[in-house]
Protein chains: 2
Amino acid sequence: MDPMNTAPASADAPRWLTGEEQRIWRSYLHATTLLEDHLDRQLQRDAGMPHVYYGLLVGLAEAPHRRLRMTELAMKAKITRSRLSHAIARLEKSGWVRREDCPSDKRGQLAVLTDAGMEVLKRSAPGHVAAVRQALFERLTPEQQKSLGEIMQIVAEGLQPDDAGADLPWLR
Amino acid sequence: MDPMNTAPASADAPRWLTGEEQRIWRSYLHATTLLEDHLDRQLQRDAGMPHVYYGLLVGLAEAPHRRLRMTELAMKAKITRSRLSHAIARLEKSGWVRREDCPSDKRGQLAVLTDAGMEVLKRSAPGHVAAVRQALFERLTPEQQKSLGEIMQIVAEGLQPDDAGADLPWLR
DNA sequence: CCGTGTTTGTTCAAAATTCAAGAAGAGGGC
DNA sequence: GCCCTCTTCTTGAATTTTGAACAAACACGG
């Protein structure tokens with residue numbers, strides 16, 4: 001009846017994590033930071049860019065005509081437009097991306113993957129995939145892989161900026 | 001018999017991710033970046049520091065006498081000593097940590113959690129735990145939580161700098 | 001005690017990220 | 001048209017992170 005009764009946000013007696021939850025959370029933190037660092041170093045060494053930037057090139061390579069509006073690319077990569085602006089500037093300086101004006105919207109910019117960008121992707125993709133494989137998939141059973149996919153899907157959905165009000169169902 | 005036969009590293013025909021593996025990997029990337037951003041903003045707003053810094057305070061709070069050698073703290077938090085140096089400098093400027101010389105090793109430094117640091121921890125912990133709960137645990141079944149713990153444990157173990165040569169068992 | 005190699009922690013500069021602010025265009029309503 | 005609001009993207013400054021280089025102290029074989 002009373003929504004405040006079932007979700008006391010953060011007031012009153014805080015509900016701490018149980019010992020088991022703490023172990024899970026710590027494992028999560030350790031695994032994710034170690035993996036991200038690992039891939040960052042691998043790509044910095046082999047491709048000359050951090051993991052996020054690599055992800056941007058992949059996003060462009062998959063898009064029709066290898067180009068995407070800034071906002072779309074930002075959403076696809078789950079980063080802010082500001083961050084993307086800086087990132088694209090850097091990738092442009094490296095010659096892997098160029099900007100184009102959007103014909104239909106004079107405010108808009110298209111990020112376009114250059115041939116050089118496609119090249120560096122082709123060249124570094126195998127090593128990157130191998131790293132992901134070795135760090136993640138090779139260590140997990142098929143069941144664990146499936147489970148991981150479901151779990152991450154759920155978590156991601158719960159955090160989409162779009163679904164911001166998802167925890168206020170009575171306002172929908 | 002021949003180790004090279006079972007692990008062609010990254011040469012020759014690269015073994016790409018299957019469609020299902022790609023979905024899993026993307027979900028992983030989206031979930032982890034969204035969650036880390038979410039917690040970073042939450043803590044920046046409520047505690048005035050990013051998530052990693054908060055983790056450092058927690059690490060100190062758990063340590064005997066609320067103090068830890070720099071290297072130990074760095075290992076506990078899975079970050080480099082360089083990064084830790086900067087972070088501690090910042091936390092020191094905020095008054096939440098202070099440095100002490102290590103008695104037994106003149107090279108060493110101890111990072112010590114101050115009372116003010118303990119205060120900010122106490123004050124912001126409930127909100128942080130609530131955020132973790134809401135973003136992660138509340139959305140997963142007990143089985144999924146258990147599975148997540150096991151998976152992350154495995155991944156983390158595989159990336160520990162200590163275990164660097166774990167994929168070269170014949171050298172052990 | 002003297003070298004030699006390692007560990008510890010810091011520093012610098014360069015790179016990356018965040019946040020707030022802002023310019024410029026789009027999209028209506030009137 | 002005009003006004004108002006929202007969207008798009010960029011910018012600049014401050015913060016954070018990285019990687020290499022470094023000094024100081026340790027460890028230890030000789």
Side-chain angles (χ1 to χ4, degrees), chain A residues 33-34 36-56 67-94 96-112 161-162, chain B residues 33-34 36-56 67-94 96-112 161-162:
Chain A
T33 65
L34 286 172
E36 186 59 12
D37 282 14
H38 183 63
L39 296 181
D40 263 334
R41 298 225 171 86
Q42 190 266 321
L43 281 171
Q44 192 71 58
R45 176 165 52 76
D46 298 350
M49 70 189 113
H51 187 199
V52 187
Y53 289 27
Y54 178 91
L56 296 177
R67 70 198 58 207
L68 232 38
R69 286 287 295 267
M70 295 294 279
T71 296
E72 292 179 70
L73 184 52
M75 291 196 312
K76 192 162 177 162
K78 265 77 189 166
I79 62 177
T80 63
R81 282 193 301 270
S82 171
R83 186 175 177 182
L84 181 62
S85 263
H86 291 293
I88 291 296
R90 195 287 216 173
L91 290 172
E92 211 171 11
K93 213 176 319 188
S94 301
W96 298 327
V97 170
R98 75 167 175 279
R99 290 183 214 243
E100 276 182 16
D101 292 343
C102 176
S104 58
D105 186 338
K106 268 179 232 157
R107 296 168 302 180
Q109 289 281 103
L110 292 174
V112 186
D162 321 306
Chain B
T33 65
L34 286 172
E36 185 59 12
D37 281 14
H38 183 63
L39 295 181
D40 262 335
R41 297 225 170 85
Q42 191 266 321
L43 281 171
Q44 192 71 58
R45 177 165 51 76
D46 298 350
M49 70 189 111
H51 188 200
V52 187
Y53 289 26
Y54 179 90
L56 296 176
R67 70 199 58 208
L68 232 37
R69 285 287 295 266
M70 295 294 280
T71 297
E72 293 179 70
L73 184 52
M75 291 196 312
K76 192 162 176 162
K78 264 77 189 167
I79 63 177
T80 64
R81 285 192 303 273
S82 171
R83 187 175 177 183
L84 181 63
S85 263
H86 291 292
I88 291 295
R90 196 282 217 180
L91 290 172
E92 211 172 10
K93 212 176 318 187
S94 303
W96 299 328
V97 170
R98 74 167 176 280
R99 290 180 214 244
E100 275 181 17
D101 291 343
C102 176
S104 58
D105 186 337
K106 268 179 236 159
R107 296 168 301 180
Q109 290 279 104
L110 293 174
V112 187
D162 321 306

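Naming convention: chains lettered A, B, ... in sequence-line order (proteins, then strands); numbering from 1 in each chain. Atom set for the values below is all heavy atoms of this structure, side chains included, hydrogens, waters and symmetry mates excluded.
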Asker: Using whole Å, report how far CG of Leu73(B) lies from C1' of dT8(C).
Answerer: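 About 14 Å, once rounded to whole Å.
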Asker: How many whole angstroms separate atom CD of Gln44(B) from atom C1' of dT18(C)?
Answerer: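 For the pair Gln44(B) CD and dT18(C) C1', the rounded distance is 8 Å.
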Asker: Find the distance Leu68(B):CG to dG9(C):P and express it as a whole number of Å.
Answerer: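 Spelled out: CG on Leu68(B) to P on dG9(C) is 10 Å.
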Asker: So which one's nearest nucleotide on DNA chain D is more toward 5', Ser85(A) or Asp37(A)?
Answerer: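 Taking each residue's closest nucleotide, the earlier one in sequence belongs to Ser85(A).
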Asker: Would you say Arg98(B) and Arg67(B) make side-chain contact, with heavy atoms under 4.5 Å?
Answerer: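 With C-beta onward as the side chain, the pair touches.
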Asker: Does any donor-acceptor pair link the side chain of Ser82(A) with the base of dT17(C) at a separation under 3.5 Å?
Answerer: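 No, no donor-acceptor pair under 3.5 Å.
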Asker: Is the phosphate of dT17(D) approached by Arg83(B) (side-chain N or O, under 4.0 Å from OP1 or OP2)?
Answerer: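 It does, given that an N or O in the side chain of Arg83(B) lies less than 4.0 Å from OP1 or OP2 of dT17(D).
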Asker: Regarding Asp105(A), tell me which of base, sugar-phosphate or nothing describes its non-hydrogen contacts under 4.0 Å with the strands shown.
Answerer: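 Touches sugar-phosphate only.
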Asker: Compare the minimum distances between each of dT10(C), dT11(D), dT7(D) and the side chain of Arg107(A), then state the nucleotide with the smallest one.
Answerer: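 So the side chain of Arg107(A) is nearest to dT7(D).
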Asker: Are OP1 or OP2 of dG19(D) and a side-chain N or O of Arg41(A) less than 4.0 angstrom apart?
Answerer: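 Yes, such a contact exists.
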Asker: For Glu92(B) and dT15(D), give me the distance from atom CD to atom C1', rounded to whole Å.
Answerer: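 That distance rounds to 17 Å.
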Asker: In whole angstroms, how far is the P atom of dG9(C) from the CE atom of Met75(B)?
Answerer: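 Checked: the CE to P distance equals 10 Å.
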Asker: Is there a side-chain contact between Arg69(B) and the phosphate of dT7(C), meaning an N or O under 4.0 Å from OP1 or OP2?
Answerer: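 For dT7(C), OP1/OP2 do not have a side-chain N/O of Arg69(B) under 4.0 Å.
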Asker: Could you check how far CD1 of Ile79(A) sits from P of dT17(C), rounded to whole Å?
Answerer: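 Atom CD1 in Ile79(A) sits about 8 Å away from atom P in dT17(C).
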Asker: From CZ of Arg81(A) over to C1' of dT7(D), roughly how many Å is that when rounded to an integer?
Answerer: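 To the nearest whole Å, that distance equals 7 Å.
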Asker: When you look at Gln109(A) and Asp101(A), which way does the side-chain contact (heavy atoms from CB on, under 4.5 Å) test go after all the steps?
Answerer: CA-CA 5 Å; Gln109(A) 289 281 103; Asp101(A) 292 343; 2.7 Å; yes
Asker: Kindly say if Arg90(B) contacts the phosphate of dT17(D), meaning a side-chain N or O under 4.0 Å from OP1 or OP2.
Answerer: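 No, no such contact exists.
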Asker: Let's test your reading of the model: under 3.5 Å, does the base of dG9(C) pair with the side chain of His86(B) as donor and acceptor?
Answerer: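 Absent.
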Asker: I want to confirm an ordering. Mapping Gln109(B) and Lys106(A) to their closest nucleotides on DNA chain C, which one lands closer to the 5' end?
Answerer: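 The residue mapped nearer the 5' terminus is Gln109(B).
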Asker: When the distance from NE2 of His51(A) to C1' of dT17(C) is rounded to whole Å, what number comes out?
Answerer: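 Rounding to the nearest Å, NE2 of His51(A) and C1' of dT17(C) are 17 Å apart.
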Asker: Side chains of Ser94(B) and Arg90(B): do they bring a donor and an acceptor to under 3.5 Å?
Answerer: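 Yes, a side-chain donor-acceptor pair sits under 3.5 Å.
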Asker: Could you give the distance from CG (Leu56(B)) to CD1 (Ile79(B)), rounded to the nearest 0.5 Å?
Answerer: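 Those atoms lie 5.0 Å apart.
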Asker: Indicate yes or no: does Asp37(B) engage Lys78(A) in a salt bridge with an N to O separation below 4.0 Å.
Answerer: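 Judged by the 4.0 Å cut-off on N to carboxylate O distance, Asp37(B) and Lys78(A) do not form a salt bridge.
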